[in-house]
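For reference, the structure discussed in these notes is given below.
Sequence lines set the chain letters: A, B, ... in the order given, protein chains first and strands last, and positions in each chain run from 1.
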Protein chains: 2
Amino acid sequence: MPRDAELRQSNTHVAREIAKLIVSGVWHEGWTLPREIELASQFSVSRTSIRESLSVLKAKGLIAARQKAGTHVRERINWNMLDAELLEWAWALRPTEEFARQLTQVRRIVEPEACAICAERGSDADLARIERAYREMDAAGMDSRAYSEPDLRFHRGILTATGNDFLVAFGATVEAALRMSFDLSTLNPGAPRKSLPYHRAILDEIWARNPDGARRAMHRLMDLTERNIISALSRRHGEAMAAADASREHDA
Amino acid sequence: MPRDAELRQSNTHVAREIAKLIVSGVWHEGWTLPREIELASQFSVSRTSIRESLSVLKAKGLIAARQKAGTHVRERINWNMLDAELLEWAWALRPTEEFARQLTQVRRIVEPEACAICAERGSDADLARIERAYREMDAAGMDSRAYSEPDLRFHRGILTATGNDFLVAFGATVEAALRMSFDLSTLNPGAPRKSLPYHRAILDEIWARNPDGARRAMHRLMDLTERNIISALSRRHGEAMAAADASREHDA
DNA sequence: AGTACATTTTATGTCGGTCATATTATCGAA
DNA sequence: TTCGATAATATGACCGACATAAAATGTACT
């Protein structure tokens, strides 16, 4: 369990907590955060650990430090929102509809084009890898968890097949989007599974070395994904409303 | 001078050096790097400083550490190549044609779409900001340095106007591409300046709230940029060849 | 011999403290 | 009032020790 192990480590935990305060806006842009010693006592860790946490957040563009002047929150424009951990934290801490909308919008821009490039230039070995991922998705049945993992490999496979390191790096964004879908799949069971034939269509176009068709097929999958996310979120919204009504009745 | 100040700081320097070894492939994927104590003596800094450097590289996805097992280079798929510093390092350390090609390819995918969204949804205040950046580009004349800075603001302005945090984060990639163009502008003076009317055309389409036109106009700018980069790189290649010939003559 | 379990080893993780450095803030003299 | 010297202070770097987890080794038992 590498992820859990990481979370258990104190510096990762502290980094996450501070990131939470920043991403949620409690510590807004330009804000000078408490001195390292004060942070250390607030989080009950040593100054060394605080410094390691801060250096992680510095690396992700959230904060910057200057001697004597202190450490301040950088403006959003410098935040590396395409970073894997930051995406994970942002969704886990604030699973908003806005986040989902924006993430889906970026996927719609990047993935169809990547898919076209893959159809044009992907090696047969790349395509075989994607095919394997597809078969595992098919074999997963209705288990969202078992479906989600090869699904990510399918999309990462396409990005990797482009041979473009920056598109490969975009895999972190896709991963975040799929995690989001997975989180919402309890509200909309079976929705992921419905995407299987769309994946088949994409793969067929790629095998046929048809860039335009591949782009369109990926675009249709993005449409479906967007519809699923929106309906899951509105359902969540509805449940929240119902819960509020129930609590009002209970109060009365 | 925040950038210079940062570079002077020892942990940033060490992080850059180690990143160089990893990005250039000297320390390949899966490689277990020397123990922290050994790194400390190699780089003549304390273990504390090494640890801060490593935590930066961990944050960027280049390496991962496990107690007792050591620290290893993660596979490329986990590298956050869209990170601002990593982009800067990668180009500074290995200014290859492949890097330029890939970076340009990603811009071609993202920026035209962002431009269309900007034309559709950007606020008048957003557009005014882009207009101001354009005017400063115009006023910069033939000075590449003075032209480059508002150029970045122009493109960042479009990304910001989309209201999408992930597209905003893509600004780091655009920044890297413009820095690359600037570095190559000594080989191809005046090339950046030729892009001015293309920027005007983009702005006109955005003001006209014409998404399709804006997308096409941005696409034309990307075409021009790609041509400029390729010609500068082939010129550099030619100069390298000439230098090799000269040295051969000298040897003979 | 081979396997399951306990023990040792070791590299990263955490701690507290000290000193260095840069930059802000303060104070004093012209 | 302004400019320059000085003091205060928050981050940056260093050190040495101990904690922890996991790999490697050793040991007992089948």
Side-chain angles (χ1 to χ4, degrees), chain A residues 1-19 21-22 27 29-74 78 85, chain B residues 1-19 21-22 27 29-74 78 85:
Chain A
M1 306 290 118
R3 182 173 305 283
D4 294 350
E6 265 178 39
L7 269 182
R8 225 171 283 129
Q9 304 218 332
S10 119
N11 92 39
T12 303
H13 172 256
V14 172
R16 220 181 107 105
E17 286 300 310
I18 298 179
L21 290 165
I22 294 173
W27 288 354
E29 296 173 39
W31 176 261
T32 298
L33 38 115
R35 288 187 292 267
E36 292 175 349
I37 299 211
E38 291 173 21
L39 287 172
S41 75
Q42 275 183 39
F43 288 96
S44 306
V45 294
S46 68
R47 194 181 151 221
T48 311
S49 290
I50 287 291
R51 280 185 62 78
E52 282 204 25
S53 299
L54 293 182
S55 87
V56 169
L57 300 182
K58 271 184 243 175
K60 297 187 188 305
L62 293 183
I63 58 177
R66 269 174 41 233
Q67 279 187 207
K68 164 74 186 177
T71 307
H72 65 274
V73 178
R74 299 180 73 186
N78 293 304
E85 283 172 307
Chain B
M1 307 293 119
R3 183 175 303 282
D4 293 349
E6 264 178 39
L7 270 182
R8 225 171 280 130
Q9 305 214 335
S10 124
N11 96 39
T12 302
H13 171 257
V14 173
R16 220 181 106 105
E17 285 301 310
I18 298 179
L21 289 165
I22 294 173
W27 288 355
E29 296 174 40
W31 177 262
T32 298
L33 38 113
R35 289 187 293 268
E36 293 174 349
I37 299 208
E38 291 173 21
L39 287 172
S41 74
Q42 275 183 39
F43 288 96
S44 305
V45 294
S46 67
R47 193 182 151 220
T48 312
S49 290
I50 288 290
R51 279 185 63 77
E52 281 206 24
S53 299
L54 292 182
S55 87
V56 169
L57 299 182
K58 271 184 241 174
K60 297 189 189 303
L62 293 183
I63 59 177
R66 269 172 43 232
Q67 277 186 211
K68 165 73 185 177
T71 306
H72 64 273
V73 178
R74 298 180 73 186
N78 293 305
E85 284 172 306

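Between C/dT12 and B/Lys58, no contact under 4.0 Å exists linking OP1 or OP2 to a side-chain N or O. A sub-4.0 Å separation between OP1 or OP2 of D/dC15 and a side-chain N or O of B/Thr48 is absent. One finds a side-chain N or O of A/Arg51 lying less than 4.0 angstrom from the OP1 or OP2 phosphate oxygen of D/dG12. Under 4.0 angstrom from either OP1 or OP2 of D/dA23 there lies at least one side-chain N or O belonging to B/Arg66.
Across all their heavy atoms, B/Glu38 and B/Pro34 have their closest contact at OE1-CB, 3.8 Å. Residues A/Gly61 and A/Arg74 come closest through the heavy atom pair O-CD, 3.4 Å.
When the nucleotides C/dT23, D/dC14, D/dT11 are ranked by their closest atom to the side chain of B/Val45, D/dC14 comes out on top. Comparing D/dA23, D/dG12, C/dT14 by their closest approach to the side chain of A/Asn11 singles out C/dT14. Between C/dG16, D/dC14, D/dT20, one nucleotide has an atom nearer to the side chain of B/Gln67 than all others, and that is D/dT20. For B/Glu36, taking side-chain heavy atoms from C-beta onward, the closest of the listed nucleotides D/dT11, C/dT12, D/dA22 is C/dT12.
At the heavy-atom level, B/Ser49 lies under 4.0 Å from the strands shown only through sugar-phosphate atoms. Contacts of A/Ala69 with the nucleic acid, taken as non-hydrogen atoms under 4.0 Å apart, are absent.
Side-chain N or O atoms of B/Ser53 include one that pairs as donor or acceptor with a backbone N or O of B/Asn11 at under 3.5 Å. Using a distance-only test at 3.5 Å, with no hydrogens or angles considered, a donor-acceptor pair links the side chain of A/Lys60 to the main chain of B/Ala59.
Note: CD (B/Glu38) to C1' (C/dT10) measures 12 Å, nearest angstrom. For the pair A/Leu54 CG and D/dA13 C1', the computed distance is 16 Å after rounding to whole Å. The distance between atom CD of B/Glu52 and atom C1' of C/dG13, rounded to the nearest whole Å, is 14 Å. Between B/Ile63 atom CD1 and C/dA11 atom P the separation is 17 Å, expressed in whole Å. The CD1-C1' distance, from A/Ile50 to D/dA13, rounds to 18 Å in whole Å. D/dA17 atom P lies 12 Å from atom CD1 of B/Ile37, rounded to whole Å.
No N or O donor and acceptor, one from the side chain of B/Arg47 and one from the base of D/dG16, sit under 3.5 Å apart.
Partner of B/Val73 under the side chain to side chain contact (heavy atoms under 4.5 Å, CB included) criterion, out of B/Leu33, B/Leu62, B/Asn78: B/Leu33 alone.
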Write out a two-atom table: protein N or O, nucleotide N or O from nucleotides 4-9 of chain D, distance below 3.5 Å.
residue, atom, partner, partner atom, Å
D/dT9, O4', A/Lys68, NZ, 3.1

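Considering CD of A/Gln42 and CD1 of A/Ile18, their distance stands at 8.5 Å, rounded to 0.5 Å.
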Working note: A/Glu36 + A/Leu54, criterion side-chain contact (heavy atoms from CB on, under 4.5 Å); need CA distance, chi angles, decisive distance, verdict. CA-CA 9 Å; A/Glu36 292 175 349; A/Leu54 293 182; 3.9 Å; yes
